[in-house]
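This report refers to the structure that appears directly beneath it.
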Number of protein chains: 2
Amino acid sequence: MTEWSGFLVHNLSMSQAFTVHDIARLAGVSAMTVSRALNHPERVSPALLAQVLEVVRRTGFVPNGMAGGLRSSRARLVAAVLPTLVGPVFQETIQSLNQTLDAHGYQLMIGQSGYNESREDALLDAIIRRRPDGIVLTGIMHSAAGRRQLLASGIPVVETWDLTPTPIDMLVGFSNEEIGASACAYLQQRGYRRPALICGGDERAQRRAAGFQRMARTLGWEAELPVYLAPAPATLASGRAGLSDLLARASGIDAVFCSSDMLALGVLIEAQARGLAVPQQLAIVGLGDLEFAASLQPALTTVRIDGTRIGQTAAHYIIDRAEGHAIAQPIVDIGFTIVERATA
Amino acid sequence: MTEWSGFLVHNLSMSQAFTVHDIARLAGVSAMTVSRALNHPERVSPALLAQVLEVVRRTGFVPNGMAGGLRSSRARLVAAVLPTLVGPVFQETIQSLNQTLDAHGYQLMIGQSGYNESREDALLDAIIRRRPDGIVLTGIMHSAAGRRQLLASGIPVVETWDLTPTPIDMLVGFSNEEIGASACAYLQQRGYRRPALICGGDERAQRRAAGFQRMARTLGWEAELPVYLAPAPATLASGRAGLSDLLARASGIDAVFCSSDMLALGVLIEAQARGLAVPQQLAIVGLGDLEFAASLQPALTTVRIDGTRIGQTAAHYIIDRAEGHAIAQPIVDIGFTIVERATA
DNA sequence: CTGAAAGCGCTAACAC
DNA sequence: GTGTTAGCGCTTTCAG
């Protein structure tokens, strides 16, 4: 008793973490029994188990996962790479990824690449070093060095939020081009004739814009639609600025397709501030179906992407792989839907 | 050449990661030289360095950080615990934490505790296992088991977004009680006499509400102000629902203090939908000064917390500790300001 | 059910 | 400037 508390105080003052051997000594057992008590309690006799757990509790011991992971080569860690934490666009995906992994005993680690290829490579290196059980990429990996490292590492990889004919490994996404094209067709069918675009600075947003333009040409509209390029990350302020700019530059605009709901909210507020009736004088279509979209006044028409499904699917792909199962359908297009509400 | 590519293919097909020894063999040097080439290139002769790096490049080799970290006991990793990724309240903090750490070669790992003490303990365990160089907590740690483990691990800890007389280690925060009291005094001074509260479900929000109530009593207002408790996470929809509920339950409300800007946006939209003039008929004060607050119409009056400073300070505390420096001022109250705009 | 030995992949410490 | 040896803390494997 006194010996223990003495040990504890000494240890704390040194800021030295305990090891299984310390715990073993204090509990009068071998290191192996400590390890088993923590990882396979059913394989240890109740008496020893109680002794060990009591010492663990008293000392606040937490085993060193680097050592365990090194030996067992299972980190119980999944890494996700996001362009940004600021935009709420990926929240649903992250949320469900986290939940699903957590339910299976995996921890999620999030890294921010900042829409920048060299930062992404550095981040990827830091991630691969930790030998996670899987890596979830937001968007597809373009850098040749990154692809090579990912391939060489043998770590399961899921690319998301996009499609490519040449995925590194597994893929759960949708066609950004198609989204743009569908949004354009939707506006045409609703009777709008002079759409403009407010488009984020990232590559996926630009492919959506390209799809929109392509469809506009197919429909026989003028070759170049007015576009406002908003710097990443997409903000409400950019949306307001974007509409002001478009209105000043082009005449007769009757609809705006925004590459995020936050931009769309900015457009809505700017329109209201200018006394433009939505959707009579200006239609607005957003993207993301963020939490607030349905609660706006008027409610926002937007492109919905099932982020929850992306996250769940990615998590299951990785868990299945980690447990040695084969993935039946490692490439899936989950599509999207246009949620028709009041703004378009 | 053929030998290399043969090796490469073989290796890939086995999905077996390379080790420093593989690279050493392929480059015709010792494992130590590979390690040095990667970590201290200046200590290796240019000729060998080039040889090694070429093999590393060809193979896509990334060293195993668990092994390195185990040996050198520096993980170059900092972990942060957030209640939720959904609310945008902590984004500024995370953003600056990430940036500052990144600039110093540390990686940030984010875990989500979900406003739940037992989840928080499990997450903490997973984090301590990885022996990060520091842990940033959002809010203060209450669980005795968690405190003990943190203390025993010897890992530098920074608690944030709150104050406590008994921090585990370092602290950078502000008084939630004071925020509530100041918001109340502010409204009183602006001539409002019948305020209500919309308050998130987490503990910090409730302490803000308590501070508000305390000040209301000091000012001689009625004992119990009307309160709407919004479930976490705070959403725009909760804000709308909250105002509707308050208006139905209490009469004469002329101001609302919300525990997040997102709730405040909901209140604003609900007020506009009901034709209530803001701030003439209803004043609104938010919290967070999120990106959109200044761009709303009318612009939102809100309590600003310098999240960037919290993140930077926390990062520097941890980096300094990791490099063995003592922290001069390990507990700091960064305060808050009320940003006076158009809604109150 | 429990323990002893060996080794995961890397790098600190020490030779040369 | 380069190589050799040893060991970080844990868990797999094998013996008792």
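Order of the sequence lines sets the chain letters (A, B, ...), proteins ahead of strands, with each chain counted from 1. Keep in mind that this is a model prediction, so the values were computed, not measured.
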Original post:
Do the side chain of A:T93 and the main chain of A:I310 share a donor and acceptor less than 3.5 angstrom apart?
Top reply: no
Original post:
Any donor and acceptor pair, going by atom type alone, linking the side chain of B:D125 with main-chain N or O of B:D121 inside 3.5 Å?
Top reply: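 No; judged by distance alone, with no hydrogens or angles, the pair does not exist.
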Atom-pair distance ([atom1] on [X]; [atom2] on [N]), nearest Å:
{"X": "B:H21", "N": "D:dT4", "atom1": "NE2", "atom2": "C1'", "answer": "11 Å"}
{"X": "B:R129", "N": "D:dT11", "atom1": "CZ", "atom2": "C1'", "answer": "13 Å"}
{"X": "B:D22", "N": "C:dG9", "atom1": "CG", "atom2": "P", "answer": "9 Å"}
{"X": "B:F18", "N": "C:dC8", "atom1": "CZ", "atom2": "P", "answer": "18 Å"}
{"X": "A:N64", "N": "D:dG7", "atom1": "CG", "atom2": "P", "answer": "18 Å"}

Subject >> salt bridge (Lys or Arg N to Asp or Glu O under 4.0 Å) between A:R321 and A:D133, worked out >> reply: CA-CA 9 Å; A:R321 272 287 188 78; A:D133 298 302; over 6 Å; no
Which nucleotide in the set [options] lies at the smallest distance from any side-chain heavy atom of [X]?
{"X": "B:T33", "options": "D:dG3, D:dC8, C:dC10", "answer": "D:dG3"}
{"X": "B:A67", "options": "C:dG3, C:dC10, D:dC8", "answer": "C:dC10"}
{"X": "B:A31", "options": "D:dG3, C:dT11, C:dG3", "answer": "C:dT11"}
{"X": "A:M32", "options": "C:dG3, D:dG3, C:dC10", "answer": "C:dG3"}
{"X": "A:L70", "options": "C:dT11, D:dG9, D:dC10", "answer": "D:dG9"}

Subject >> Net bend of the helix from C:dC1-D:dG16 to C:dC16-D:dG1, end axes of five pairs each, nearest 10 degrees >> reply: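 That helix gives 30° between its end axes.
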Original post:
Does any residue of residues 35-49 of chain B have a heavy atom under 4.0 Å from DNA chain D, and if so, which ones, in number order?
Top reply: B:R36, B:R43, B:V44, B:S45, B:L48
Original post:
Between A:R309 and A:V332, does a side-chain contact (heavy atoms from CB on, under 4.5 Å) hold up when you go through it step by step?
Top reply: CA-CA 11 Å; A:R309 185 159 160 225; A:V332 56; 4.2 Å; yes
Original post:
Distance from A:L137 atom CG to A:M170 atom CE, nearest 0.5 Å?
Top reply: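 So the gap between those two atoms works out to 11.0 Å.
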**OP:** Would you kindly compare B:T19 and A:R71 by the position of their nearest DNA chain C nucleotide and give the one closer to the 5′ end?
**Re:**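 Whichever sits nearer the 5' end wins; that is A:R71.
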**OP:** Identify the heavy atoms of B:M66 and A:L70 that sit nearest to each other, and give their distance.
**Re:**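 Closest approach of B:M66 to A:L70, heavy atoms only: SD-N, 3.9 Å.
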Original post:
What are the two closest non-hydrogen atoms of A:V52 and A:A37, and how far apart are they?
Top reply: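 Closest pair (atom of A:V52, atom of A:A37, distance): CG1-CB, 3.7 Å.
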Original post:
Do B:Q312 and B:S96 have side-chain N/O donor and acceptor atoms under 3.5 Å apart?
Top reply: no
Subject >> Short N-O contact, B:R119 and A:D102, less than 4.0 angstrom >> reply: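 Answer for the salt bridge query: yes.
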